[in-house]
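Inspection log for the structure reproduced underneath, given as structure tokens.
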Amino acid sequence: MKKADIFEFYRRLAELNPDPRTELEYGNDYQLLVAVVLSAQATDVGVNKATRALFRAVKTPAQMVALGEEGLKEHIKTIGLFNAKAKNVIALSQILERDFGGEVPRDRDTLTTLPGVGRKTANVVMNTAFGAETFAVDTHIFRVGNRTGLAPGKDVLAVEKRLEKDTPAPFRRDAHHWLILHGRYICKARKPECWRCPVADLCRYKPKTPAPAA
DNA sequence: ATCCCGAGGG
DNA sequence: CCCTCTGGAT
């Protein structure tokens, strides 16, 4: 996509949503990290439903370790991949407690060493908790970037590099959230709602879906 | 490339 | 029924 169009693309999303935030619910950095790990291949709504009760009881890594893997599973049974996630969250909490004084590390490379934390999760935590200008390329951003032509790439890392290179300075902090929200509510995987899309004229996606009959 | 895996929507 | 949801580890 041309530079001027990229700028206009973000300008419109920014106008519609001046202060975008994650829809995950959390009370501190540690809870955010846990919520993001749980959100892999799951919806924010589903994660929030489970963490509502969990985060009332567990606010620190030490409390999570005390709860234990089986206790955690009871809370997150309704989330996909819950066995692997419970195992990772307990292991990760033990490491935070033992090696990091119960604090969440503030750099991506250290975050990535934690079990269950890959590049995408680390990028979300760096952006959302610490205000870093990172681009976490999830299923939504990968789809929106390729479908619209805003940030095409054959894999998630290629899309991330393209976003880092092409995103104008004023939008770098919030681009991540704008693209997520756009992908979740308008540029949806199955039936993109192009008839009410604010950037349809800048988009290369050909089969623009018609508005449903009133 | 494959496995992990529940809820919600169409 | 099938597809999708803020992926990571092997």
Side-chain angles (χ1 to χ4, degrees), chain A residues 13 17 20-26 29 31-54 69-70 72-93 95 104-105 108-148 150-151 153-160 163-164 167 173-193 209-210 212-213:
Chain A
L13 295 186
N17 194 174
R21 286 178 58 248
T22 178
E23 294 186 342
L24 290 171
E25 295 168 3
Y26 63 100
D29 293 344
Q31 290 184 339
L32 172 66
L33 172 60
V34 173
V36 177
V37 170
L38 295 179
S39 73
Q41 300 298 106
T43 62
D44 280 4
V45 173
V47 172
N48 289 337
K49 189 187 297 185
T51 56
R52 184 79 54 110
L54 174 65
E69 188 171 325
E70 293 308 313
L72 176 55
K73 279 184 187 177
E74 283 306 311
H75 281 278
I76 67 172
K77 264 194 196 314
T78 56
I79 304 175
L81 315 181
F82 69 91
N83 279 306
K85 288 172 181 175
K87 183 185 178 76
N88 284 332
V89 168
I90 295 300
L92 157 175
S93 300
I95 293 170
V104 177
R108 187 173 65 191
D109 290 340
T110 306
L111 283 167
T112 303
T113 66
L114 299 170
V117 180
R119 187 182 182 90
K120 180 263 168 182
T121 296
N123 278 335
V124 173
V125 172
M126 290 305 296
N127 178 289
T128 302
F130 305 134
E133 294 178 349
T134 49
F135 301 92
V137 180
D138 57 23
T139 180
H140 292 303
I141 296 186
F142 184 76
R143 179 181 65 253
V144 171
N146 278 294
R147 179 185 281 163
T148 63
L150 176 76
K154 58 187 182 317
D155 53 49
V156 292
L157 189 58
V159 171
E160 182 182 330
L163 287 169
E164 286 181 346
T167 306
R173 179 76 51 97
D174 293 326
H176 167 71
H177 293 296
W178 283 318
L179 295 178
I180 292 282
L181 274 293
H182 185 60
R184 181 175 299 161
Y185 296 114
I186 296 178
C187 196
K188 301 190 286 187
R190 286 230 212 146
K191 265 180 50 183
E193 301 182 1
T209 49

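Heavy-atom basis, side chains included; hydrogens, waters and symmetry copies ignored. Throughout, a chain's letter reflects where its sequence line sits, starting with A, and its residues are numbered from 1.
- The distance between atom NE2 of A:H177 and atom C1' of C:dT6, rounded to the nearest whole Å, is 10 Å.
- Distance A:L81 CG to B:dA7 P: 12 Å, rounded to the nearest Å.
- Here the P atom of nucleotide B:dC3 and the CG atom of A:N88 are 19 Å apart, to the nearest Å.
- Between A:R184 and C:dT4 there is no side-chain polar atom (N or O) within less than 4.0 angstrom of OP1 or OP2.
- Put simply, A:T121 has a side-chain N or O that comes within less than 4.0 Å of OP1 or OP2 on C:dG8.
- A:K73 has its NZ atom 12 Å from the C1' atom of B:dC4, to the nearest Å.
- Separating the CG atom of A:D155 from the P atom of C:dG8 is a distance of 14 Å, rounded to the nearest angstrom.
- Counting any heavy atom pair closer than 4.0 Å across all strands shown, A:L114 reaches sugar-phosphate atoms only and no base atom.
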Under the rule of Watson-Crick or G-U wobble with both distances under 3.5 Å, where | means paired to another strand and [ ] a crossing pair, DNA chain B maps to ||||.|||||
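- Taking for each of A:T78 and A:K188 the nucleotide of DNA chain B with the nearest heavy atom, the 5'-most of the two is the partner of A:T78.
- Proximity of residues 41-54 of chain A to DNA chain B (heavy atom under 4.0 angstrom from any strand atom) is restricted to A:Q41, A:K49.
- A:I79 has its CD1 atom 10 Å from the P atom of B:dA7, to the nearest Å.
- Base engagement by A:I180 is indicated by at least one non-hydrogen atom pair under 4.0 Å involving a base atom.
- Side-chain atoms of A:F82 lie closest to B:dC5 of the nucleotides C:dG7, C:dT6, B:dC5.
- Within the 4.5 Å cutoff, the side chain of A:T22 has no heavy atoms near those of the A:N127 side chain.
- A:F142 has its CZ atom 14 Å from the P atom of C:dG8, to the nearest Å.
- Taking the side chain as every heavy atom from C-beta outward, A:M126 and A:L111 approach each other to under 4.5 Å.
- From A:L72, atom CG reaches atom CZ of A:F82 across 10.5 Å, with rounding to the nearest 0.5 Å.
- Not a single donor-acceptor pair under 3.5 Å links the side chain of A:N123 to the backbone N or O of A:T134.
- At distances below 3.5 Å, at least one donor-acceptor pair connects side-chain atoms of A:W178 with backbone N or O atoms of A:N17.
- Between A:E160 and A:R119, at least one side-chain nitrogen of the basic residue sits less than 4.0 Å from a carboxylate oxygen of the acidic one, meeting the salt-bridge criterion.
- Annotation: of the two residues near DNA chain C, A:V117 and A:T139, the 5′-most nearest-nucleotide partner is A:T139.
- OP1 or OP2 of B:dC5 lies within a sub-4.0 Å distance of a side-chain N or O belonging to A:N83.
- Under 4.0 Å is where a charged nitrogen must lie from a carboxylate oxygen, and between A:E69 and A:K87 no such pair does.
- Taking atom P on both C:dG8 and B:dA7, the two are 22 Å apart, rounded to the nearest angstrom.
- Within the structure, every side-chain polar atom (N or O) of A:H176 is placed at least 4.0 Å from both OP1 and OP2 of C:dT6.
- With both ends at atom C1', the span from B:dA1 to C:dT6 equals 23 Å, rounded to whole Å.
- Residues meeting the salt bridge (Lys or Arg N to Asp or Glu O under 4.0 Å) test with A:K77, sequence neighbours left out: A:E74.
- A salt bridge is absent between A:R108 and A:E133; no separation between the charged side-chain nitrogens and carboxylate oxygens falls under 4.0 Å.
- Residue A:K85 is out of contact with every strand shown, counting any heavy-atom pair closer than 4.0 Å.
- Distance alone, capped at 3.5 Å, is enough to place a donor-acceptor pair between the A:T43 side chain and the A:G46 backbone.
- In this structure, A:L33 places its CG atom 18 Å from P of C:dT6, rounding to the nearest Å.
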